[in-house]
Amino acid sequence: MTNRVLMKGNEVIAEAAIRAGCRYYFGYPITPQTEIMHYMAKRMVEVGGCFVQAESEVAAINMVYGAAAAGARVLTSSSSPGISLKQEGMSYIAGAELPAVVVNIVRAGPGLGGILPAQGDYFQATKGGGHGDYRNIVIAPASIQELYEMTVAAFNLADQYRMLVMILGDGALGQMMEPVLFRDVEPNVSTEKLWATRGRKGKPEHNIVTSIYIDPDMLEMKNRELVAKYAVVQKEETRFETLNLDGAEIVFTAFGTASRICRNVIRQAAEMGIKVGMIRPITLWPFPSEEISRIADLSHVKAFLDIELNAGQMVEDVRLAVNGKKPVHFYGRMGGNLPTQKEILDQLLAIHEGEVR
Amino acid sequence: MAIVFEKTKGLTDKPFHFCPGCTHGIIHRIIAEVMCEMGILEDTIGVSSVGCTYNNYEYFACDMVQAAHGRAPAVATGIKRVHPENMVFTYQGDGDLASIGAAEILHAAARGEKISVFFVNNAVYGMTSGQMAPTTLLGQVTTTSPFGRDSAVQGFPINVSELLSVLPGAVYIERVSLNNYKNIQAAKRAIAKSFRVQQQGLGFSMVEFLSTCPTNWGKEPVESLRWVESDMMPQYPLGVYKGKDLKV
Ligand SMILES: Cc1ncc(C[n+]2csc(CCOP(=O)(O)OP(=O)(O)O)c2C)c(N)n1
Ligand code: SF4
């Protein structure tokens, strides 16, 4: 067993990818994720892998497409404006059903925005972003240890479902240092990838990787196959953490960095005699709608308070899941600012005053 | 009876969908023939791009990957980095390569990616019905330059072979044509040389084909072949732009 080491979030992501067997990295520099690139530039040489600094995010994601089509485990990383550019390639990856892992260390937007932590890419990450009917698995870790474990998991999920898996972090998570234990990686589920293009080498048929189906019936059949695959992912791979739900009167919904602040507020509130719980989606897609709906049915739960580093994005999915059964409140900060515990506590107290008492 | 001619095994049995007189078909055939003659069909991975040949993954009998518009050199980079021992080629039109994919081709060449690029210059966007391409000649009428390409309005044609030949990463670049038998044979030799450059790991190589688009040029097939010589060649002279003395 390895000992715990103190490492930056971004470097942990890179090391996790290496340990998951990823030997190809293609990327373009952007703050606040550059440590992933810097780490990979060195580490790939050490492990006999391949690091390419691409001419743009567009090129990087298409290199990922090529490497994935060739049967490799492959990673690219970027931050919000760069992810916007990658959306074209991500749609093609979904269409061609290629396994790939994309890291988005989100910064504040829109436009060039700012380089500080934000969660304004929730829509872009979970609702497509690129063109057409498709889904990506989106994982939002909240600690450095979880970054490690989820990055390893991402490669397995990508291979298992032939899907793109996005790790959605933010500048705070990427830059922060915490002790991490590089637990021995589970034997990976990497399949044989008989569909990959490695040269025909005597196969009776040539392999083709494509996302184009000119015939509408063929395309619709493909669409239906994708829908069916996504349904399996929703059923099997939805991950979340619940905290303090026993007797909770108010329930936080929050992911990533925002959930860390909420965790502290729960303690503070308890000291004041207010019972507050939390559901933290770990996968943003598939979204834990069923669990949120179940919590909304609990009679002691009077209201939800959704906390995000944006103008209110995940809260739309929370409201759909709660489906009017309980009020859903929202509080967010933007521009790269984090809400203080006091700000959140004040929101909590106002809700408690109005809806619990 | 002795077999005197056989369709190359480098092509599948799928019939081409190209218009009559379009030289895309010839280019496919000679690439396929070269792969067979060099014995590399089983080791080659081709990259289809976006244009009239978007589905040539159905024609080439080797493993094939279809790429987004202009991104074939980046996709090929990904494939080649994973399988350096395989032959990797892209097949791209002039809209694909010289317009939307200008960055990808430039940087693939600059990095000296060990891939073969087959670049088809037909001076228009074929698939989307004859719009102006970066390679459209001055004065040429297209659906988006209906009064003829005017340098004051639409700028000048791009000579891709000349442009890329100044990059050290590009080791072999030749412009060929398909307007007669002799030129087709020369084009075939250029394809083979490009693959040999790749086999020997020397760097990036590209063959530019002057090709016809009778449909969008509004010309008969034979007239189109003549137009390649009379109008295209003065702007795009044939010849080796890089690697003349290369012994491969
Ligand atoms: C991102 C994107 N933009 C535009 C198109 C539409 N489109 C399809 S083919 C094509 C032009 C291709 O022309 P060229 O590369 O010259 O090839 P040709 O058809 O002449 O062989 C365009 C613009 C597309 N498929 N994708
Ligand atoms: S439109 Fe032009 S380039 Fe396309 S197949 Fe027809 S002749 Fe060839």
Side-chain angles (χ1 to χ4, degrees), chain A residues 23-26 28 44 49-74 76 85-93 95-96 98 100 130-131 193 195-215, chain B residues 9-12 14 17 32 35 40-50 54-88 90 100-111 113 115 127:
Chain A
R23 289 295 176 273
Y24 301 89
Y25 174 92
F26 305 96
Y28 186 83
M44 278 301 183
C50 166
F51 167 93
V52 177
Q53 177 167 337
E55 59 270 31
S56 69
E57 287 87 350
V58 174
I61 193 73
N62 281 284
M63 291 172 187
V64 167
Y65 178 97
R73 284 197 157 181
V74 54
T76 185
L85 284 182
K86 287 187 198 291
Q87 291 293 350
E88 175 198 49
M90 287 165 61
S91 168
Y92 278 73
I93 285 170
L98 294 174
H131 56 284
K193 302 191 183 179
W195 47 266
T197 51
R198 300 180 161 120
R200 197 163 156 176
K201 312 222 160 93
K203 286 180 309 226
E205 290 291 327
H206 61 159
N207 281 358
I208 296 171
V209 171
T210 184
S211 67
I212 189 165
Y213 298 86
I214 289 288
D215 174 32
Chain B
K9 294 209 161 41
L11 293 173
T12 65
K14 180 109 182 158
H17 68 285
M35 285 195 289
I40 58 171
L41 184 70
E42 303 281 312
D43 304 320
T44 302
I45 304 160
V47 183
S48 314
S49 62
V50 175
Y54 77 87
N55 67 336
N56 61 11
Y57 53 78
E58 295 186 307
Y59 304 149
F60 289 118
C62 55
D63 273 4
M64 294 293 294
V65 178
Q66 208 288 329
H69 200 17
R71 318 297 178 217
V75 172
T77 298
I79 299 170
K80 185 71 182 184
R81 296 296 179 120
V82 175
H83 298 305
E85 73 289 356
N86 287 56
M87 298 285 101
V88 178
T90 71
I100 194 166
E104 283 77 9
I105 192 65
L106 185 77
H107 287 274
R111 284 193 305 270
E113 288 300 335
I115 58 173
M127 173 129 181

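Quick note: numbers below take in every heavy atom, side chains included, and nothing from hydrogens, waters or symmetry partners. Per chain, numbering begins at 1; letters A, B, ... match sequence-line order.
Ion pairing of Arg200(A) with Asp43(B) is absent here, as no side-chain N (NZ or NE/NH1/NH2) approaches a carboxylate O to less than 4.0 Å.
Between Val75(B) and the options Val64(A), Asn62(A), Val209(A), a side-chain contact (heavy atoms from CB on, under 4.5 Å) holds for only Asn62(A).
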Go through the steps to decide whether Glu42(B) and Lys203(A) satisfy the test side chain to side chain contact (heavy atoms under 4.5 Å, CB included), and finish with yes or no. CA-CA 8 Å; Glu42(B) 303 281 312; Lys203(A) 286 180 309 226; over 6 Å; no
Stepwise side chain to side chain contact (heavy atoms under 4.5 Å, CB included) check, Ile79(B) with Met63(A): CA-CA 8 Å; Ile79(B) 299 170; Met63(A) 291 172 187; over 6 Å; no
List the steps, then state whether side chain to side chain contact (heavy atoms under 4.5 Å, CB included) holds for Val52(A) with Arg81(B). CA-CA 9 Å; Val52(A) 177; Arg81(B) 296 296 179 120; 3.4 Å; yes
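When Ala70(A), Ala68(A), Gly89(A) are compared by the number of non-hydrogen pairs under 4.5 Å with chain B, Ala70(A) comes out ahead. Your options are Ile45(B), Thr77(B), Val88(B), Val47(B), and the one with the most heavy-atom pairs under 4.5 Å with chain A is Ile45(B). Chain A forms more heavy-atom pairs under 4.5 Å with one residue of His69(B), Lys80(B), Glu104(B), Glu85(B) than with any other, namely Glu104(B).
Atom CD1 of residue Ile214(A) and atom OH of residue Tyr54(B) lie 4.0 Å apart, to the nearest 0.5 angstrom. Put simply, OH on Tyr57(B) and CD1 on Ile208(A) are 7.0 Å apart, with the number rounded to the nearest 0.5 Å.
Remark: side-chain polar atoms of Asn86(B) are paired, donor with acceptor, to backbone N or O of Arg198(A) under 3.5 angstrom.
When every heavy atom of Thr197(A) is checked against every heavy atom of Asp63(B), the shortest pair comes out as CA-OD2, 3.4 Å. In terms of heavy atoms, Ala74(B) sits closest to Ala59(A) at CB-O, 3.6 Å. The shortest heavy-atom contact between Ala67(B) and Tyr92(A) is C-CE2, 4.5 Å. Summarising the geometry of Gln66(B) relative to Ile212(A), their closest heavy-atom pair is CG-CG2, 4.4 Å, with the distance given to 0.1 Å. Nearest heavy-atom pair across Tyr24(A) and Val82(B) is OH-CA, 3.6 Å.
Contact annotation for Thr12(B): only side-chain heavy atoms (C-beta onward) come within less than 4.5 Å of a heavy atom of chain A.
For the pair Cys62(B) and His206(A), the minimum side-chain heavy-atom distance is 4.5 Å or more. In this structure, Arg71(B) and Val58(A) have side chains that are in contact, with non-hydrogen atoms separated by less than 4.5 Å.
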